[in-house]
There are 2 protein chains.
Amino acid sequence: MSSTERRERERARRHQLIITAARELAEAEGWDAVTTRRLAQRVAYSQPVLYNHFKGKDAIVGAVAVEGFDDLAAALRRARRTAGSPREALRAVGRAYLDFAVARPALYAAMFVRETDVPFAQEAQQDSPAAPRAAFEELAAVAGPGDGRDAEVDAEVIWSALHGLAVLARSGRIPQRRQRERLDALVERFAPDTAGRRKASAGQDGSGTAGAGGA
Amino acid sequence: MSSTERRERERARRHQLIITAARELAEAEGWDAVTTRRLAQRVAYSQPVLYNHFKGKDAIVGAVAVEGFDDLAAALRRARRTAGSPREALRAVGRAYLDFAVARPALYAAMFVRETDVPFAQEAQQDSPAAPRAAFEELAAVAGPGDGRDAEVDAEVIWSALHGLAVLARSGRIPQRRQRERLDALVERFAPDTAGRRKASAGQDGSGTAGAGGA
DNA sequence: CTAGTGTGGCTAGCACTGCTAGGGTCGCGT
DNA sequence: ACGCGACCCTAGCAGTGCTAGCCACACTAG
């Protein structure tokens, strides 16, 4: 059985190779440049091979998106853990989210903008893929204020706001600068400073998009 | 000069006919169904005619989007005027926004999701088209709380949140129900009830998407 | 009323897309 | 050694956005 085992291993390797090539090509030249022919050429096979691994092009994009959710969840988790107060945790997670969207726009588009057939949490059941759910859980972990309101609703609104900020700024609907201030305003509203510090941190700097941006 | 005048008139009429046909076709069958051939057939001309009026397909979609902003601005204005307190005005405008996105998904996609070359307010200058700016002004008019914060930033964040709610709910990233509660949460955060009524209105009803929705 | 002119739409076609059918070659198990 | 089966590639299909070149029509000048 070692032969079939090896074959399956190679098949899995190639499966991953296709996903990686699609992501890299998209991040380098945009999703419009990701055609089945170019992708096949990149993995040194002919197009029909792609269809042995995926139902179609959309499925490939979906696979890239699922991997992206892993990355996003990891980035949010990292941000959350390096923060002190809950308020700062929310700010850090929000900034990590916006940085992710800025640093990896093609990947972000695959995850949120492009219409995919990836099944998400249709009814808040747990039949959704693990990766997107994990990313949302990271957000929910820092969104809950515990002041009697519905934490899940708050998390969904915050997520929506972050997504809106990311995509509207990228498409130029809102000026790309001052993202930092917008994030501060969001944090201020959803996690007001109860310690009386009354920090007016924002200022008018507006340097960069939202932060340094990782990877 | 009456002949050339008539020609220009007919030309303008056909220009509008193309835009309307594109919008109707998109609203009926989605943007994927809007091909140059089908669109040309719908207006009873051949494809090259389209290129006498528009630079390409993207320009047609952009024209549809610009008209959509007129509709959106009108809907928001209507909602704002029929509201009493500023707080209720914000809620009404938010609901009108979400209703618009639900009732006319294809049009909304042309305006916000599809990548167009429509020039928006790149640097908050006034060189952006009038229609999108008008829609944003409607939002800004109800977003400014006047408590010392930057009203424009608040408006941008609220707009982002509304857009995020609309698009994430539509794509199934967040459950489609309970949009009403999410809007209430957003309003609560950005326009807290200062009259001490401490209204816990939301409840768990979650009926419908966000409201009745006007065609 | 005729001849000339130019605007403008149409037919045909290009390069490209996602996807599929069929054959042919290789390696494996017996 | 032989037969079998998995597997990959070449070639092609229908449909996409967009363009070149022709031709007919309507209008203007005489």
Side-chain angles (χ1 to χ4, degrees), chain A residues 1-19 21-23 25-26 28-65 106 109-110 114-118, chain B residues 1-19 21-23 25-26 28-65 106 109-110 114-118:
Chain A
M1 275 301 177
S2 74
S3 78
T4 65
E5 192 176 77
R6 189 196 59 191
R7 274 219 285 238
E8 288 220 9
R9 195 189 305 263
E10 286 192 5
R11 180 181 169 80
R13 209 182 65 88
R14 200 168 50 186
H15 186 94
Q16 183 57 45
L17 186 65
I18 293 171
I19 298 175
R23 178 178 50 76
L25 187 52
E29 306 184 35
W31 281 108
D32 285 344
V34 182
T35 69
T36 57
R37 281 170 178 82
R38 286 199 65 182
L39 184 54
Q41 182 185 4
R42 192 136 171 162
V43 296
Y45 286 97
S46 57
Q47 302 109 333
V49 173
L50 303 178
Y51 296 89
N52 286 342
H53 292 270
F54 300 94
K55 185 185 171 188
K57 188 187 173 182
D58 287 348
I60 299 176
V61 179
V64 172
R114 298 196 122 232
E115 301 181 4
T116 68
D117 46 4
V118 175
Chain B
M1 275 298 179
S2 76
S3 79
T4 65
E5 192 176 77
R6 190 194 59 190
R7 276 219 286 236
E8 286 221 9
R9 195 189 305 263
E10 285 193 6
R11 181 180 169 80
R13 209 182 66 88
R14 203 168 49 186
H15 186 94
Q16 183 58 44
L17 185 64
I18 293 171
I19 298 175
R23 178 177 51 76
L25 187 52
E29 306 183 36
W31 282 108
D32 285 344
V34 181
T35 69
T36 57
R37 282 170 177 80
R38 285 199 65 184
L39 185 54
Q41 182 185 5
R42 191 135 171 162
V43 297
Y45 286 98
S46 58
Q47 302 108 333
V49 173
L50 304 179
Y51 296 90
N52 286 342
H53 291 270
F54 300 94
K55 184 185 171 187
K57 188 186 173 184
D58 288 347
I60 298 176
V61 179
V64 173
R114 299 198 122 232
E115 302 181 4
T116 68
D117 45 3
V118 176

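Side chains included, hydrogens not; waters and symmetry mates left out as well; all remaining heavy atoms used.
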Please give, in whole Å, the distance from [N] [atom2] to [X] [atom1]?
X       : N      : atom1 : atom2 : value
B:Ile60 : D:dT16 : CD1   : C1'   : 14 Å
B:Tyr45 : C:dG8  : OH    : C1'   : 11 Å
B:Asp58 : D:dT16 : CG    : P     : 16 Å
A:Lys57 : C:dT17 : NZ    : P     : 9 Å
B:Leu50 : C:dT11 : CG    : C1'   : 15 Å
A:Gln47 : C:dA21 : CD    : C1'   : 14 Å
B:His53 : C:dT7  : NE2   : P     : 15 Å
A:Glu10 : C:dC26 : CD    : C1'   : 14 Å

Taking atom types as they are modelled, is there a donor-acceptor pair under 3.5 Å from the base of D:dG15 to the side chain of B:Arg37?
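Result: no qualifying N/O pair found.
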Candidate pair A:Ile18 and A:Tyr45, rule side-chain contact (heavy atoms from CB on, under 4.5 Å), full reasoning
CA-CA 10 Å; A:Ile18 293 171; A:Tyr45 286 97; over 6 Å; no
Between A:Asn52 and D:dC7, is there a contact of a side-chain N or O with OP1 or OP2 at under 4.0 Å?
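A:Asn52 to D:dC7 OP1/OP2: no side-chain N or O under 4.0 Å.
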Counting only side-chain nitrogens and oxygens, does A:Thr36 get under 4.0 Å of the OP1 or OP2 atom of C:dG18?
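The answer is yes; a side-chain N or O of A:Thr36 sits under 4.0 Å from OP1 or OP2.
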Which listed nucleotide (D:dA20, D:dT10, C:dG18) is nearest to the side chain of A:Thr35?
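Ranking D:dA20, D:dT10, C:dG18 by closest atom to the A:Thr35 side chain puts C:dG18 first.
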Which nucleotide wins on minimum distance to the side chain of A:Arg14, given the candidates D:dC8, D:dC9, D:dG17?
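Nearest nucleotide to the side chain: D:dC8.
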Pick the closest DNA chain D nucleotide for A:Ala44 and for B:Tyr51 by heavy atoms, then say which residue is nearer the 5' end.
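The answer here is A:Ala44.
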Which heavy atom in [X] sits nearest to a heavy atom in [Y], and how many Å separate them?
X       : Y        : answer
A:Arg42 : A:Leu25  : NH1-CD1, 3.4 Å
B:Val64 : B:Ala22  : CG2-CB, 4.0 Å
B:Ala65 : B:Ala110 : CB-O, 3.5 Å

Validation row: A:Asn52, A:Arg14 side chains within 4.5 angstrom (heavy atoms)
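Not touching, per the 4.5 Å side-chain cut-off.
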